[in-house]
Amino acid sequence: MPDRGLFWSPVPDWSRADIQHRELGITALSTQVAWLVSGDLSKFLAQRGGMPCVGPRDSCEKGTYALRLAPDRLLFVCRDGVLTDLPAFGWSDDGIAITDVSDGFVLCDVTGPAAPDLMRLGASYDFEAGPAAPAESASMLFAGLKVAVAPFRPGWRLHVERPYAAALWHWLQRAASEWAKPPAEPTRPELPLSAATKQALR
Amino acid sequence: MTGFVRMESGGAIDRTQRLRFVFDGAPYESFAGDTIASALLANNVRIVGRSFKYHRPRGIYTAGAEEPNAILDLRHGARHDPNARATLEPLADGLELRSIHAKGTAARDRLAFLDRFARFIPAAFYYKTFMWPNWAAYEHRIRSLAGLGRLDPTARATSAAHVHAEVDVCVVGSGPSGLAAALAAARLGKRVMLVDERPELGGSLLHREAMIDGEQGAAWAGHVARTLRDCNVAILRRSTAVGLYDHNVLAVVQKGALSSANGERIWLVRAGQVVVATGAIERPLLFANNDRPGVMLADAALAYLRRYAVRLGERIVVATSNDSAYEAALALRGAGSDVHLVDSRPETDIDPALAASARAAGIELLAASRIDSVVGHRSVEAVILGNGKRISAELVAHSGGWTPSLHLYCHAKGKPQWDSTAGSYRPGNKVPGIDVVGAAAGLWDLDAMLQQATAIAGGQQGEAPRCNDKVKQWTAPSIVPSSGKRVWVDLQNDVTVADIELAVRENFSAVEHLKRYTTIGMGTDQGKTSNVNALAILAVSTSQEIAKFGTTTFRPPYVPVSMATVAGAERGQLQWPIRRLPAENTHRQEHAYFRDYGGVLRPAWYGARADAIAEECVAARNDAVVFDASSLGKIEIVGPAAAALLDFVYYTPMASLAVGRARYGLTLSEAGIVADDGVVLRLGPSHFVVSCSSSHVAGMVMQLEAWRQDRFDLARVFIHDATAHWATIAISGPGSKPIVAGLGLGIALDDATFPHMSVAEGSFGGRPARIARVSFTGERSYEISVPAAVGAQLWQSVRDAGASPLGIEALGVLRAEKGYIYVGQDTDGETMPHDLGVAGPRSKRQDAYVGDRSLFTPAASKANRKKLVGILAEGKTPVPTGAHAIEIVAGRKRGVGYVTSSYSSQRLGHPIALGLIEGGLDRGSEPIDLEHLGHSFKGRIVSPCFFDPKGARLNA
């Protein structure tokens with residue numbers, strides 16, 4: 001049996017993973033604080049300054065935000081080092097369950113004029129319609145993977161679980177290559193014709 | 001001048017841009033703007049292929065997607081399309097084209113002699129002839145003769161990722177109705193997408209005359225196209241809507257996509273409203289030898305003349321049963337051809353104005369006439385009318401009416417209804433969200449079409465474009481029995497009227513049976529030109545109405561779609577994404593040999609040594625090894641009802657587990673079958689971690705969540721899958737404890753404080769660390785979980801401390817020596833916990849848990865259930881996994897179980913195996929016969945635990 005390590009590309013170095021094309025930029029981040037929060041979400045959001053819980057078509061700030069995953073679950077994300085009041089993970093008497101998943105996600109920021117087109121390749125979801133319905137989840141199938149999508153203006157942040165981050169990155173590289181190609185040549189390119197055809201056309 | 005020629009002016013081609021191409025090895029030139037079909041016709045190429053069965057010469061028959069004959073093998077650079085439709089494919093410089101079906105070339109086919117044997121090979125002759133000795137004896141030879149294009153295994157076409165789009169209205173078809181609908185919707189500010197299979201918008205307006213809003217039809221179409229662009233309507237040209245699925249999802253195949261290696265890409269369009277404006281397909285007339293090169297549908301002849309400036313001969317017979325072919329006759333006459341117009345209707349039924357205009361143009365109109373047969377073999381030479389009159393001709397252009405193109409409507413469960421007045425099927429039931437307009441809806445009056453399409457798209461009365469053209473309806477197809485002549489109904493599948501009559505005689509008279517018996521309606525054209533005529537013949541043959549038969553089922557795709565296009569970007573690494581370990585690149589540096597295990601890429605062993613696995617086993621038993629167990633589940637169960645939920649989901653009770661302790665347990669399906677095994681850790685009174693099998697994490701999360709939502713207070717227990725957050729590094733072996741001590745985890749490691757099956761929380765590298773004393777090797781072990789980002793750092797620290805790496809193959813040996821199971825490998829779809837020797841909860845638990853009732857059925861209590869055993873094989877060679885245990889009953893072999901795992905044990909010095917055998921250990925230590933693929937083995941049933949049965953080494 002062949003070594004499957006030869007088939008699968010090595011996992012990217014997330015601290016340096018970056019894709020830049022003419023109209024598209026994708027940057028990976030893996031050092032953020034991320035918590036899965038369940039239970040009394042309104043109480044949790046109130047404790048965090050009354051921040052909103054957003055869906056995939058709402059707008060949010062990159063600093064600190066909460067993504068709606070399910071009716072009673074959100075993903076809280078903030079920059080590393082911002083928080084001074086870390087909660088006790090697990091169950092609290094406030095009726096809130098918190099689990100640290102900071103290392104569980106790789107984040108990919110998609111920006112540039114072609115970002116909406118790239119998002120259309122990834123998911124059967126209308127990213128550019130109006131605000132999301134109140135209960136709409138930010139978690140969806142994107143590139144065939146479970147991805148939580150946070151909308152920033154302009155651009156989106158994709159949150160993928162680390163074990164699948166290499167697959168998403170590979171997909172993003174391939175999809176983004178559509179914007180790496182030069183504009184279509186106005187003149188006809190020389191085609192690699194077979195010998196028989198060359199002979200016939202001579 | 002005779003033959004098909006390019007006219008010096010006219011058409012929508014660019015005469016300044018010459019394109020070279022090759023067909024069947026011969027070079028040709030034509031112009032940009034041509035399709036392959038128009039370029040071949042302009043070069044007077046009559047024969048473009050051979051028929052499927054009889055290898056009769058065939059020419060271009062239509063100008064659209066319904067083409068049955070002009071299917072070519074196309075190569076262009078890296079692109080290879082074995083079934084390119086010449087009528088839709090734009091000509092490109094350097095195209096290499098070959099006819100399919102022919103041995104040699106289409107013009108000189110070495111299998112042409114088969115037609116002489118036609119009387120011996122009618123429909124279904126395969127089923128009757130090739131029965132002795134069996135079909136397989138003939139299959140290879142017959143398949144080599146049959147089939148359409150052939151795939152080139154060396155061609156690796158790739159296509160672009162699928163695109164998703166959401167619109168308010170998607171209009172399919174850009175004829176007059178489609179344009180009117182798109183215009184009305186766009187004016188309302190809706191998000192509109194317009195899809196058309198051709199490069200230009202306009203549909204029939206591009207070659208048929210019409211005056212709309214005071215403009216020529218083609219000019220009006222161009223004007224509307226510009227308006228639509230200004231209104232930000234998404235226009236997909238060269239794009240075919242191939243399927244309409246639930247919830248108004250349209251699959252559209254776009255050709256000419258620049259970013260795609262094979263030029264194709266699929267759009268998945270979700271539309272609030274789908275407007276089907278797909279027009280109608282011209283229906284052939286039936287007469288003998290109607291398949292000869294030079295017999296063509298009348299509308300196609302008109303399109304080749306007007307759009308591509310190809311004059312199709314000097315002597316032309318236009319045969320029709322309706323008004324629509326008159327325009328073709330007049331145009332062909334206007335191009336200088338000598339035209340005879342053969343109309344099956346009596347003079348009294350023909351519009352006098354039309355008749356007068358034909359005669360005024362110099363056309364000889366023969367009313368109440370029909371073609372009996374075509375004369376000519378490789379091309380049309382003449383036609384013989386029903387009254388015996390012979391007319392010399394190079395082209396026969398014919399029209400038997402029109403069939404609405406209802407394929408998409410039918411994909412969405414629309415049921416067409418036969419309209420005997422119009423002689424065609426029309427949309428029947430209304431399908432929510434889908435509107436059929438124009439000719440597709442059975443409307444033939446252009447003004448009515450424009451009004452209807454505008455209204456359906458939400459336009460106001462008076463907004464619709466206006467048109468004065470009226471088109472008269474036609475009658476149902478008139479079918480004349482074959483009378484022994486060869487009259488083709490389905491050109492692609494070589495089905496004649498006689499074949500259908502034969503099917504009816506043999507009682508295959510239901511439409512679906514007829515299709516299977518004759519193959520009519522199969523192939524790449526799916527009977528677009530043949531279905532209604534076949535129904536009409538069926539009706540005549542059975543003396544019934546067409547309406548009683550219904551149609552065959554139209555299924556996607558509307559036109560063939562290559563598998564490369566269906567796959568899109570999901571190939572190679574993207575076809576089936578796999579989970580990756582946080583420290584994978586570290587394992588690569590350690591020269592790990594990787595394999596896929598349960599959807600995770602994991603090190604199988606390290607290094608290239610032949611005995612790497614055995615060496616790793618020895619190291620684990622004698623010293624210390626390090627194993628990456630990061631993919632094991634880390635599912636947190638949090639909340640006051642967490643213990644109750646776990647107690648219910650697990651067969652093994654978990655509520656009694658003390659904080660800081662761990663317990664091995666099984667989960668069952670509701671049928672009582674073992675679903676997973678794993679370890680549950682209790683971190684706090686309301687905080688547990690489920691460490692399930694790597695491949696069962698997603699399933700376990702779903703099972704826990706399902707039961708949580710089914711029977712627990714949703715505010716008191718929550719499921720958080722934190723598997724991805726943690727890297728888990730297991731250190732195992734008699735030398736493991738000092739290595740762990742050296743890591744500075746900040747916990748007490750003495751066995752009194754931290755015994756086997758306990759858990760503690762410490763830190764590593766400034767990050768939290770969770771340390772569990774659990775073992776899957778049978779040796780003293782520590783599973784240390786740290787945040788994924790420091791997993792590689794922990795691995796390296798352990799390696800630096802002297803532990804050698806252990807791959808999963810060696811782990812498999814070590815756990816089998818201990819009799820530890822892999823659920824799914826050492827269990828099957830019948831294995832219950834007591835079959836594994838875990839019978840305590842079944843006998844003691846009084847409370848409810850998943851699968852409890854199923855454990856007490858008569859089948860669950862049978863004595864001869866297959867149970868887990870160890871098998872000691874004779875000799876030095878392991879018994880193959882999967883080998884069957886055999887016993888002889890009444891002189892016959894009977895399987896009593898099988899080997900589930902089998903290894904060569906370095907430590908024990910002999911092969912070991914686990915198996916599921918009827919009766920299990922109750923059989924005693926009896927010899928057992930094993931067989932595998934014709935080879936026999938002998939073994940002996942023993943306890944599944946081969947090594948350290950008392951577990952002393954867990955604390956060694």
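Note that these values count all heavy atoms, side chains included, but never hydrogens, waters or copies made by symmetry. We name chains A, B, ... by the order of the sequence lines, and we start the count at 1 in each one.
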**Request:** Output the option from A/Ala167, A/Ser124, A/Ala97 having the highest count of non-hydrogen pairs under 4.5 Å with chain B.
**Result:** A/Ser124
**Request:** Using atom types as modelled and distance alone, determine if a side-chain donor or acceptor of B/Asn585 lies under 3.5 Å from a backbone N or O of A/Val11.
**Result:** yes
**Prompt:** Within a reach of under 6.0 Å around CD of B/Glu570, are more than 12 heavy atoms found that belong to other residues, nucleotides or ligands?
**Reply:** no
**Asked** Under 4.5 Å between any side-chain heavy atoms of B/Pro577 and A/Leu145, yes or no?
**Response** yes
**Request:** Measure distances from A/Ala123 to the heavy atoms of chain B and classify the residue's part below 4.5 Å as side chain, backbone, both or neither.
**Result:** backbone
**Fill in**
Closest non-hydrogen atoms of B/Glu166 and A/Tyr125, given as atom of the first, atom of the second and distance, are OE2-CA, 3.8 Å
**Request:** Let me know if A/Asp100 has heavy atoms under 4.5 Å from chain B in its side chain, its backbone, both or neither.
**Result:** both
**Complete:** Closest non-hydrogen contact found for B/Glu584 with A/Pro10 is OE2-CA, 3.9 Å
**Asked** Nearest heavy-atom pair of A/Arg174 and B/Ala569: which atoms, and what distance?
**Response** NH1-CB, 3.4 Å
**Prompt:** Should the pair A/Glu128-B/Arg191 be classified as a salt bridge under the 4.0 Å nitrogen-to-oxygen rule?
**Reply:** no
**Request:** Answer yes or no: is there a side-chain heavy-atom contact under 4.5 Å between A/Arg73 and B/His720?
**Result:** yes
**Prompt:** Under a 4.5 Å heavy-atom cutoff, which of A/Met119, A/Arg120, A/Arg162 has the most pairs with chain B?
**Reply:** A/Arg120
**Minimum side-chain heavy-atom gap B/Arg265-A/Leu121 below 4.5 Å** = yes
**Message:** To the nearest 0.5 Å, what is the distance between CZ on B/Arg588 and CH2 on A/Trp8?
**Reply:** 11.0 Å
**Item:** Option that, when pairs with chain A are counted at under 4.5 Å, heavy atom only, ranks first among B/Arg270, B/Arg75, B/Arg716, B/Glu29
**Value:** B/Arg270
**Message:** Can you give me the closest heavy-atom contact between B/Asp596 and A/Arg4, atom names plus distance?
**Reply:** OD2-NE, 3.3 Å
**Request:** Identify which part of A/Phe89 has an atom lying under 4.5 Å from any heavy atom of chain B, answering side chain, backbone, both or neither.
**Result:** backbone
**Item:** Heavy-atom closest pair, residues B/Ala161 and A/Glu178
**Value:** N-OE2, 4.0 Å
**Request:** Ignoring hydrogens and angles, tell me if any N or O in the side chain of B/Gln573 forms a donor-acceptor pair with the backbone of A/Ser9 under 3.5 Å.
**Result:** yes
**Asked** Any salt bridge between A/Asp103 and B/Lys634, counting N to O under 4.0 Å?
**Response** no
**Item:** Minimum heavy-atom distance A/Asp72-B/Phe718, with the two atoms named
**Value:** OD2-CE2, 3.8 Å
**Message:** Quick one, A/Thr99 and B/His725 - any side-chain contact, counting heavy atoms below 4.5 Å?
**Reply:** no
